[in-house]
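Convention: sequence-line order gives letters A, B, ...; per-chain numbering from 1. Only this structure's heavy atoms are used, side chains among them; waters, hydrogens and symmetry mates stay out.
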2 protein chains.
Amino acid sequence: MKSDSRNTNSLTDTIFDQLQDAIIKGQLPQGSKISEPGLAKQYQVSRGTLREALSRLEEKQLVVRSPNIGASVVTLSLKELIDIYHIREALGAMACALAACNMSNDEIADLRRLLDEHEKSIQLDDGLSYYQHEGEFDFHYRILIGSRNSKVLDVLDGGLYQLIRMYRYQFSSDSSRPWQALKEHRRIVDAIEERDAELAGLLMRRHIQTARQRIEQQQEHQEQREVGQ
Amino acid sequence: MKSDSRNTNSLTDTIFDQLQDAIIKGQLPQGSKISEPGLAKQYQVSRGTLREALSRLEEKQLVVRSPNIGASVVTLSLKELIDIYHIREALGAMACALAACNMSNDEIADLRRLLDEHEKSIQLDDGLSYYQHEGEFDFHYRILIGSRNSKVLDVLDGGLYQLIRMYRYQFSSDSSRPWQALKEHRRIVDAIEERDAELAGLLMRRHIQTARQRIEQQQEHQEQREVGQ
DNA sequence: TAAAAATATATTGTCGACACTTTTTGCTTG
DNA sequence: CAAGCAAAAAGTGTCGACAATATATTTTTA
């Protein structure tokens, strides 16, 4: 999925997309220092252009910059990831409740079709595919749009979702239980279709909550390991 | 209040702060097109430097840029402002509940002192002062920090708060009922002190909700005016 | 006269170069 | 040999210039 809908002709856009991909996939390791002249030569662009791309990556929370020191790829601790999921929980629930009020019938029907496709995709390659993750994002994006609150999409797309993507690419050990998730998605759509805002919000909150709790379990394991050492 | 804690020696930082101020105060009118060469000459910096500052302003949602067309100062409709308040409601309540669990006793005592100062400030110049608005932000900032969720501060500080500031500077007709707000703030601190997360979250939600509802009333008036024409 | 094409102007996108800061390297000294 | 200082290397901050694109103006034509 493209992070932006506009045609990506400008050089800065291209370099930005490439770098975003490289960071999310871990080709640029977390915390690694970014040398502007180095990367500029590597990607065959001027340093100014790369600088602009770095600004946008900073905007998307994928790099951090310190004055006179330079840029580094972001490091994402489990604690921070959990923090993000807390936010996603609050905003996702809110957006879902709004979507139950504001989505058109056509949009809801489309959402159903998306879940059917999702189901097929799960049947085909059981579990761990790339497309499922992106499909999951697609589902949430549509609800965000259906909420008719443009700012909530700005917030979640402007940094938070990219970090979650990065985590999933680099650490997603579990197969994210696709069947369970699908079932939850269907229930959410049911609630939206019935225009039950409160229920829709609640279900979405729980859906994200379970995802968060899985990560928290992972964190506990990690802490136990650290204590053991 | 400085938007960033780091020493603002770099030229880009300076120009960024100045432009942010100009936009929030309305000296650069909403929707007005930004001429890069013009502004660069006006502020005595190179175009590249100004460009970097514009990138950061875009990050803070204060300017919008279209490829090959240029940058404009953001336009904030009442609808969008209400959208922002919905987000603030969800995240503020969440953060406040977390703060009730995570704030230290010292932090809570400091918060109380802040409210006492706030009260004095209200008594001095009754109502409409600049410092009260910023004091209000200060209060919310501290709770955000107390939540120990760094991302929620990133989200609200990265765009949303600046837009609210802009609105208040340019349209804040009502004096924001300082006494009422202070009372609500005190109740919130009470709940935090008692470590009652649920209540603290609820009170914060209501506090922001009332602010939102005042804006919604304003919106209704505006719509009536439009119908009348 | 009005619409469309072509030119001219202004603005944004991209680049390479220089100045200043930080980090590394190498040398001196106790 | 270690610690501290000095010089060099690398890197970031800033700038002005050229190329590509968009906007405004003028000219042409129906």
Side-chain angles (χ1 to χ4, degrees), chain A residues 2-23 28-75, chain B residues 2-23 28-75:
Chain A
K2 282 237 220 53
S3 68
D4 241 2
S5 58
R6 66 184 174 208
N7 290 350
T8 165
N9 0 6
S10 93
L11 235 181
T12 303
D13 286 336
T14 311
I15 199 76
F16 167 77
D17 286 342
Q18 291 180 6
L19 284 178
Q20 174 166 277
D21 242 51
I23 291 176
L28 289 176
Q30 288 189 32
S32 64
K33 183 146 186 344
I34 290 177
S35 156
E36 289 182 6
L39 265 195
K41 205 184 289 178
Q42 185 176 336
Y43 283 85
Q44 301 280 16
V45 295
S46 98
R47 205 163 65 86
T49 305
L50 183 125
R51 220 157 201 285
E52 177 100 15
L54 284 183
S55 282
R56 287 212 217 146
L57 288 170
E58 187 184 21
E59 187 175 336
K60 287 253 188 291
Q61 317 264 355
L62 290 176
V63 312
V64 289
R65 287 170 120 178
S66 311
N68 285 319
I69 288 182
S72 308
V73 178
V74 72
T75 60
Chain B
K2 282 236 220 53
S3 68
D4 239 2
S5 59
R6 69 187 173 207
N7 291 349
T8 163
N9 8 4
S10 93
L11 235 180
T12 304
D13 287 335
T14 310
I15 199 76
F16 167 76
D17 286 342
Q18 290 180 4
L19 284 177
Q20 175 167 278
D21 242 51
I23 291 176
L28 290 176
Q30 287 189 33
S32 64
K33 184 148 184 341
I34 289 177
S35 157
E36 289 183 6
L39 266 195
K41 204 185 292 178
Q42 184 177 335
Y43 283 84
Q44 302 280 18
V45 295
S46 99
R47 207 162 65 84
T49 304
L50 184 124
R51 223 158 199 286
E52 178 98 15
L54 284 182
S55 282
R56 288 212 217 145
L57 288 170
E58 186 184 21
E59 185 177 335
K60 287 252 188 291
Q61 316 265 354
L62 290 176
V63 313
V64 289
R65 286 169 117 176
S66 310
N68 287 320
I69 288 180
S72 308
V73 179
V74 73
T75 61

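Between atom CG of residue B:Leu50 and atom CZ of residue B:Phe16 there is a gap of 12.0 Å, rounded to the nearest 0.5 Å. A:Leu39 contributes atom CG, which lies 7.5 Å from atom CD1 of A:Ile15 (distance to the nearest 0.5 angstrom). To the nearest 0.5 Å, the span separating OG1 on A:Thr14 from CD on A:Gln18 amounts to 6.5 Å. From B:Ile23, atom CD1 reaches atom CD1 of B:Ile34 across 5.5 Å, with rounding to the nearest 0.5 Å.
Among the nucleotides C:dG13, D:dT14, D:dT12, the one closest to any side-chain atom of B:Glu36 is C:dG13. Here D:dT14 is the nucleotide among C:dT12, C:dT22, D:dT14 with the atom lying nearest to any side-chain atom of B:Leu11. Among the nucleotides D:dT23, C:dT22, C:dT11, the one closest to the side chain of B:Ile69 is D:dT23. Distance from the side chain of A:Pro37 is smallest for D:dT12 among the nucleotides D:dT12, C:dT11, D:dC15. Each of C:dT21, D:dT23, C:dC15 was ranked by its minimum atom distance to the side chain of A:Thr49; first place goes to C:dC15. Closest contact between the side chain of B:Lys33 and the listed nucleotides C:dT11, D:dT14, C:dG13 involves C:dT11. When each of D:dC15, D:dT21, C:dT14 is scored by its nearest atom to the side-chain atoms of B:Arg51, the top-ranked nucleotide is C:dT14.
Residue contacts shown for B:Ile34 are limited to sugar-phosphate atoms, with no base heavy atom under 4.0 Å away. Residue A:Gly48 is out of contact with every strand shown, counting any heavy-atom pair closer than 4.0 Å.
Between B:Ser35 and A:Val45, the residue whose closest nucleotide on DNA chain C is further toward the 5' end is B:Ser35.
Residues A:Val64 and A:Val74 come closest through the heavy atom pair CG1-CG2, 4.5 Å. A pairwise comparison of heavy atoms in B:Gly31 and B:Ser72 identifies O-CB, 4.1 Å as the closest pair. Nearest approach of B:Gln30 to B:Val73, heavy atoms of both residues: CA-CG1, 3.9 Å.
The separation between A:Gln44 atom CD and C:dC15 atom C1' is 14 Å, rounded to whole Å. Atom OH of A:Tyr43 is separated from atom P of C:dT14 by 17 Å (rounded to the nearest Å). As a whole-Å value, the separation of B:Lys41 NZ from C:dA10 P is 11 Å. Between the C1' atom of C:dT14 and the CD atom of A:Glu52 lies a distance of 10 Å, rounded to the nearest Å. Between B:Leu54 atom CG and C:dG13 atom C1' the separation is 14 Å, expressed in whole Å. Distance, A:Glu58 CD to D:dT12 P: 13 Å, rounded to whole Å. Atom pair B:Phe16:CZ and D:dT14:P shows a separation of 14 Å (rounding to whole Å applied). For the pair A:Ile15 CD1 and C:dG13 C1', the computed distance is 14 Å after rounding to whole Å.
Take B:Thr12 and apply the side-chain contact (heavy atoms from CB on, under 4.5 Å) test, not counting sequence neighbours, and it matches B:Ser10, B:Thr49, B:Glu52, B:Ala53, B:Arg56.
Between A:Thr12 and C:dT14 there is a side-chain N or O to OP1 or OP2 distance below 4.0 Å.
Helix bend of the helix from C:dT1-D:dA30 to C:dG30-D:dC1: the angle between its two end axes, each built from five pairs, comes to 10° after rounding to 10°.
Between the side chain of B:Arg47 and the base of C:dG13, at least one donor-acceptor pair of N or O atoms lies under 3.5 Å.
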